[in-house]
Structures are given as structure tokens and as C-alpha cells.
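For reference, positions follow the sequence shown, starting with 1. Order of listing sets the numbers, starting from 1, for every ligand and every atom in it.
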Amino acid sequence: MSEAAQRTTKAITITPATAPLYGRVSPPGSKSITNRVLLLAALASGTSRITGALKSLDTKLMAAALRDMGVTVDEPDATSFVVTSTGRLLPPAGPLFLGNAGTAMRFLTAAVTLVEGTVVVNGDDHMRKRPIGPLVAALQSVGIDCSDTGGYPPVTVHGTGAFGSGRIEIDGSLSSQYVSALLMAAACGTGPVEVALTGSDIGARGYVDLTVAAMTAFGAKVERRDAATWRIEPTGYRAADIHVEPDASAATYLWAASVLTNGAIDLGVEAEDFTQPDAEAAALIAAFPHLPAVIDGSQMQDAVPTLAVLAAFNETPVRFVGIANLRVKECDRIRALSTELSRIRPGLAHEEGDDLIVASDPALCGQTLPTEIETYSDHRIAMSFALAGLKIGGITILDPDCTGKTYPGYWDALASLGVGLKLRQEEAA
Ligand SMILES: O=C(O)C1=C[C@@H](OP(=O)(O)O)[C@@H](O)[C@H](O)C1
Ligand SMILES: C=C(OP(=O)(O)O)C(=O)O
């Protein structure tokens with residue numbers, strides 16, 4: 001956080017919607033796809049043009065890290081990157097700083113094995129609490145000289161300029177990003193690489209599918225041998241021109257705002273046209289206020305905060321299962337959702353193991369319950385609880401700028417739909 005930001009505290013209070021929300025809001029480009037194609041373009045020799053891209057903190061951190069490794073990343077407009085590279089990453093002058101951008105941190109931890117030299121990959125205080133040990137162990141298992149800090153960042157990698165070849169096993173249960181990271185680096189191997197899952201099944205398989213699709217667009221050859229194994233040929237990557245689809249996780253807030261206010265927000269893209277896993281949440285959101293009694297969040301993890309806040313206004317309670325790895329996202333989201341929902345109304349949500357149960361209370365609509373929502377520097381907590389403010393008076397979101405991680409224009413988007421927002425900015429004590 002900048003020094004100036006540390007001196008001031010910001011908060012936004014949402015005015016409940018008194019009429020259905022109608023209008024057109026285009027979600028920003030997909031964070032997951034943008035950070036994949038930025039890296040793949042950097043690993044390709046030539047010039048790649050990326051349009052429809054997300055410009056947010058997470059993608060700016062990825063772009064900056066690539067520039068630190070000798071890649072030319074131009075930004076001709078608000079939604080484009082033009083990446084020119086030799087296909088080789090050069091040793092950076094200092095540690096790579098990746099904030100709390102999980103995709104940048106995990107993807108680059110594997111990619112910098114392709115650098116001839118030592119690279120330190122680090123993040124902010126929040127990132128240093130997000131596990132990376134399984135990915136480092138997998139890299140070590142194929143002879144890559146790297147180490148983490150007690151299973152967490154910073155990671156130090158002594159790269160040799162190549163990824164090697166053969167079979168690499170990875171426990172992806174904590175993060176599918178570990179799998180994606182290995183797959184993308186593997187195409188730069190000295191021979192075929194086989195990536196095999198160990199441990200329990202991974203959630204968010206849809207993100208691995210995103211990775212394979214992005215790799216293929218840049219000329220890689222990936223064969224899925226079975227549900228837990230991929231074979232990657234040592235093709236390297238060729239430059240490509242890519243148009244990034246809108247962000248499906250960002251779309252969930254707009255879909256939820258539509259159903260909460262009985263409105264119709266036009267996103268300019270249909271749910272079935274997304275390739276990202278969170279688009280699966282569209283059907284559930286459309287079922288509101290008759291959400292099912294149990295929702296398995298494992299394949300739509302980033303939509304769970306949206307769905308959990310929606311569940312507070314559902315006709316019946318909802319249990320969220322398959323969400324254990326929400327504990328190691330930007331914050332412990334299970335704890336954050338339970339705590340902040342119950343801050344609105346005691347007992348509105350609680351944890352049972354790694355399940356989240358939302359009691360649901362449609363009578364909350366129309367009440368005024370002044371509540372300051374702690375957002376834990378988590379963009380999805382901020383964006384999700386803003387939805388509660390559409391139905392309950394007095395909902396204030398603390399540190400609203402944290403939405404800049406993936407959706408800098410979120411508050412402007414709500415305002416453009418006629419949502420009343422009151423900004424409070426105070427000099428920090
Ligand atoms: O691969 C990706 O782009 C992502 C994978 C998911 O993380 P994990 O696989 O770490 O759960 C998701 O939560 C994140 O927002 C983006
Ligand atoms: C978990 C998320 O992002 P990341 O893991 O890329 O930091 C997210 O965007 O919800």
C-alpha cells in the first residue's frame with residue numbers, strides 16, 4: 001500500500017437499491033487468462049498482441065516482472081498489451097515483487113527455472129502466508145535447485161535456462177495454479193514432460209483447462225493422458241495474437257446485482273460464452289432466491305463469496321462444501337465470510353470444518369443495519385459484500401480500493417447502474 005494510502009483510510013457506504021438495476025456494464029478482461037497469455041507471450045520469440053486484457057494490480061505486477069526479465073511489454077491502450085520477446089527470460093536485477101497475485105507468484109516460480117541465473121520470487125505480507133511448498137517440492141523432484149521459506153514465499157530459484165524432461169508429480173489440492181505453472185514451463189523442456197497429479201483431486205480443474213487452451217494458442221502440444229496426467233512436448237512457444245474474454249468472476253457480481261434487485265444488467269456476453277470456471281455460477285445465481293441446500297464450490301471457487309452473500313437473502317439456508325482451499329486465497333475466505341456475514345446479523349453464517357453454512361434471512365431486505373465490513377485486503381470480500389448493501393441499509397465497505405487487484409472499475413460500474421455510493425476518507429490516526 002502506498003505511503004499516501006497508509007495515511008488515509010477509505011470506506012464506501014452503499015445506498016440500498018430502491019428500484020431494479022438496469023443498464024450495460026462490460027466486465028473487465030479475465031485476470032486468469034491475461035496473466036497466462038502475458039507469460040506465454042514472454043516465453044515466445046516474436047511479438048504477441050493481447051487485446052481485451054485486464055489492467056489491474058495483478059496483471060500490472062505480472063507485466064512488471066516480465067519487464068524486469070528483459071521482455072518488452074508495451075501498453076498502447078487501456079485493454080491491450082504488445083509483448084515482444086526473444087523467448088528467453090533474463091536474470092532480473094533484483095527480486096521479483098508480485099504483491100498478492102497468486103497467478104503471477106505461482107506461474108513465475110516455475111517459469112524462472114528457465115532463467116540462467118538466480119531469481120528470488122517474492123510477494124507482500126499476505127502472499128507470504130499463501131503456501132507454495134508443493135510446487136517447490138515438485139520442481140526439486142526433477143533436480144531444479146530451488147527453495148522456499150518454510151513452505152511459503154519468498155522462493156529462490158537457481159535457473160539453468162531449461163526445464164528438463166521426464167515425469168513430475170504435483171499435489172494440486174491446495175492450488176490448481178501449481179499444476180498450471182508446471183504445464184506452462186514444461187513446453188520449454190529439453191524433452192517431453194509428463195505432469196501427474198498426486199494427492200486428492202484438485203478443485204478448479206477449469207483453470208487447468210484454461211492453461212492448456214492458452215498454451216495451445218501459443219503453439220504448445222499438450223496431450224491429456226488421463227484425469228490426472230498431461231504430456232507436454234518440448235515445442236517452446238510461438239508468438240500469437242490473443243483476444244481475452246471478460247472476467248467470469250467479475251461477472252458474478254453483476255449477475256448477483258441483477259437478481260437481488262430483480263433488474264437486468266446487460267454484460268454484453270452470455271454466461272455460456274465464457275470458458276472460465278466461475279461462469280458455472282451463473283445458473284446458481286439465476287436460481288436465486290431458491291439456491292440449493294448444498295453448493296459444491298470446488299469448481300467455481302472465486303464465485304463462492306458472491307454466492308455466500310446471495311445466500312444470506314435466499315429463501316432457505318445454504319451449505320457450501322468443497323471449499324477448503326478458500327482458506328489460502330487472498331485471505332481465509334471461509335473465516336472472512338462467516339465473520340462478516342455474522343457482523344451484519346449475529347449467527348447469519350458459521351463454519352463447520354471447512355464448510356460454510358449461511359443461515360439465510362430474507363427479512364434482512366429493507367432493514368438498516370449499520371455495519372462496517374472488514375475486507376482483509378481481499379477484493380472479492382469487498383465486491384461481494386457491496387451486494388449486501390443493495391438490500392440492507394448501512395453497509396460500509398472498508399478499504400474499497402482493494403478491488404483494484406482484479407476490478408479497478410467496480411465502484412464506477414455500480415455507480416453507472418444508479419447505485420448510491422458515499423465515500424468516506426479520513427486521515428489515518
Ligand atoms: O489459475 C488461475 O487463474 C486461478 C486459480 C484459482 O486459484 P487456486 O488454483 O490457487 O485455487 C483461483 O482462485 C484464482 O483466482 C485464479
Ligand atoms: C484467489 C484469487 O486470485 P489469486 O490466487 O490469483 O491471487 C482470486 O482472484 O480470487
Side-chain angles (χ1 to χ4, degrees), residues 27-40 54 56-62 98-110 123-124 126-135 153 170-184 197 200-215 244-245 247-253 274-278 280-281 297-308 322-334 336-337 375-384 402-407 410:
S30 161
K31 175 257 291 183
S32 293
I33 297 172
T34 299
N35 270 358
R36 280 165 171 77
V37 298
L38 278 171
L39 173 58
L40 296 173
L54 173 67
S56 75
L57 183 55
D58 275 19
T59 62
K60 290 182 186 296
L61 286 164
M62 172 65 92
L98 303 166
N100 197 13
T103 51
M105 180 76 219
R106 279 81 179 260
F107 296 173
L108 287 172
T109 289
D124 64 14
H126 301 287
M127 178 54 77
R128 287 196 286 273
K129 295 173 188 154
R130 298 178 70 180
I132 200 157
L135 176 57
I170 177 70
D171 180 350
S173 52
L174 271 181
S175 171
S176 71
Q177 291 171 0
Y178 304 152
V179 184
S180 292
L182 293 173
L183 290 172
M184 288 188 280
L197 293 184
S200 61
D201 189 12
I202 55 170
R205 274 188 173 273
Y207 287 109
V208 178
D209 295 341
L210 277 188
T211 301
V212 173
M215 291 170 67
V244 177
E245 69 185 45
D247 192 291
S249 309
T252 67
Y253 310 113
F274 288 94
T275 63
Q276 304 151 69
D278 276 0
E280 295 300 313
S298 63
Q299 301 304 325
M300 57 182 89
Q301 298 166 11
D302 291 354
V304 168
T306 311
L307 292 166
I323 59 171
N325 94 341
L326 264 71
R327 295 216 184 265
V328 294
K329 301 283 189 187
E330 281 81 334
C331 73
D332 175 344
R333 286 181 174 163
I334 299 173
L337 288 164
T375 52
Y376 309 91
S377 299
D378 189 328
H379 54 135
R380 300 207 187 286
I381 301 300
M383 291 190 276
S384 299
C402 69
T403 66
K405 186 173 193 281
T406 59
Y407 201 160
Y410 183 68

Near [X], which atoms of ligand 1 are under 4.0 Å from a heavy atom of that residue?
{"X": "T103", "result": "2 (C), 3 (O)"}
{"X": "D302", "result": "12 (C), 13 (O), 14 (C), 15 (O)"}
{"X": "K329", "result": "6 (C), 7 (O), 8 (P), 11 (O), 12 (C), 13 (O)"}
{"X": "N325", "result": "11 (O)"}
{"X": "K31", "result": "14 (C), 15 (O), 16 (C)"}
{"X": "R106", "result": "10 (O)"}

Residue pair V304 / R333, side-chain heavy-atom distance below 4.5 Å: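 With C-beta onward as the side chain, the pair stays apart.
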
Any atoms of ligand 2 less than 4.0 Å from a non-hydrogen atom of [X]? List them with their elements.
{"X": "G102", "value": "4 (P), 5 (O), 6 (O), 7 (O)"}
{"X": "N100", "value": "7 (O)"}
{"X": "K329", "value": "1 (C)"}

Whether E280 side chain and Q299 backbone form a donor-acceptor pair below 3.5 Å: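 Side chain of E280 to backbone of Q299: no pair is present.
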
Presence of salt bridge, D378 and K329, under 4.0 angstrom: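 No, this pair does not count.
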
Residues R130, D124: salt bridge by 4.0 Å N-O rule: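 Answer for the salt bridge query: no.
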
Part of D302 within contact of ligand 2 (heavy atoms, under 4.0 Å):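 Answer for D302: side chain.
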
Geometric N/O contact Q177 with ligand 1, under 3.5 angstrom: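 Yes, at least one N or O pair falls under 3.5 Å.
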
R380, any N or O under 3.5 Å of ligand 1 N or O: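 Between R380 and ligand 1 (N or O atoms, distance only) the closest approach is not under 3.5 Å.
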
V328, portion touching ligand 1 at heavy-atom distance under 4.0 Å: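 For V328, there is no contact with ligand 1 at all, from either part.
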
Location of contacts on Q301 toward ligand 1, heavy atoms closer than 4.0 Å: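 Side chain only; the backbone of Q301 stays clear of ligand 1.
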
Value rounded to 0.5 Å, distance of OG1 in T103 from CG in N35: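 Between T103 OG1 and N35 CG, I get 4.0 Å after rounding to 0.5 Å.
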
Short side-chain donor-acceptor distance under 3.5 Å, Q276 and S32: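 No, Q276 and S32 have no side-chain donor paired with an acceptor closer than 3.5 Å.
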
Test item: side-chain donor near acceptor, D171 and S173, under 3.5 Å: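 Yes, a side-chain donor-acceptor pair sits under 3.5 Å.
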
Options R333, K405, R130, E330, ranked by nearest heavy atom to atom 5 (O) of ligand 2, top entry: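 Nearest option to atom 5 (O) of ligand 2, by heavy atoms: R130.
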
Closest to atom 10 (O) of ligand 1 among S173, S298, S175 (heavy-atom distance):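 Nearest option to atom 10 (O) of ligand 1, by heavy atoms: S175.
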
Protein contact of atom 3 (O) of ligand 2 - nearest heavy atom, named by residue and atom, plus distance: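 Checked against all protein heavy atoms, atom 3 (O) of ligand 2 sits closest to K31 NZ, 3.0 Å.
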
Top protein contact for atom 10 (O) of ligand 2, by heavy-atom distance: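 Checked against all protein heavy atoms, atom 10 (O) of ligand 2 sits closest to R380 NE, 2.7 Å.
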
Qualifying residue, where the test is side chain to side chain contact (heavy atoms under 4.5 Å, CB included) with S180 and the options are M215, R36, R106: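 Option passing the side chain to side chain contact (heavy atoms under 4.5 Å, CB included) with S180: R36.
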
Among K31, H379, E330, the one residue meeting side-chain hydrogen bond (donor to acceptor under 3.5 Å, both in side chains) with T406: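 Testing T406 for a side-chain hydrogen bond (donor to acceptor under 3.5 Å, both in side chains) against K31, H379, E330 leaves exactly one candidate, H379.
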
Minimum heavy-atom distance L54-G29, with the two atoms named: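 Reported closest heavy-atom pair: CB-O, 3.1 Å.
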
Nearest heavy-atom neighbours spanning T34 and V244: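 For T34 and V244, the tightest heavy-atom pair comes out as OG1-CG1, 3.7 Å.
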
Backbone or side-chain N or O of R106 under 3.5 Å from ligand 2 N or O: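 No; every N/O pair is 3.5 Å or more apart.
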
Intermediate values then yes/no, side-chain contact (heavy atoms from CB on, under 4.5 Å), Y253 and S384: CA-CA 7 Å; Y253 310 113; S384 299; 3.5 Å; yes

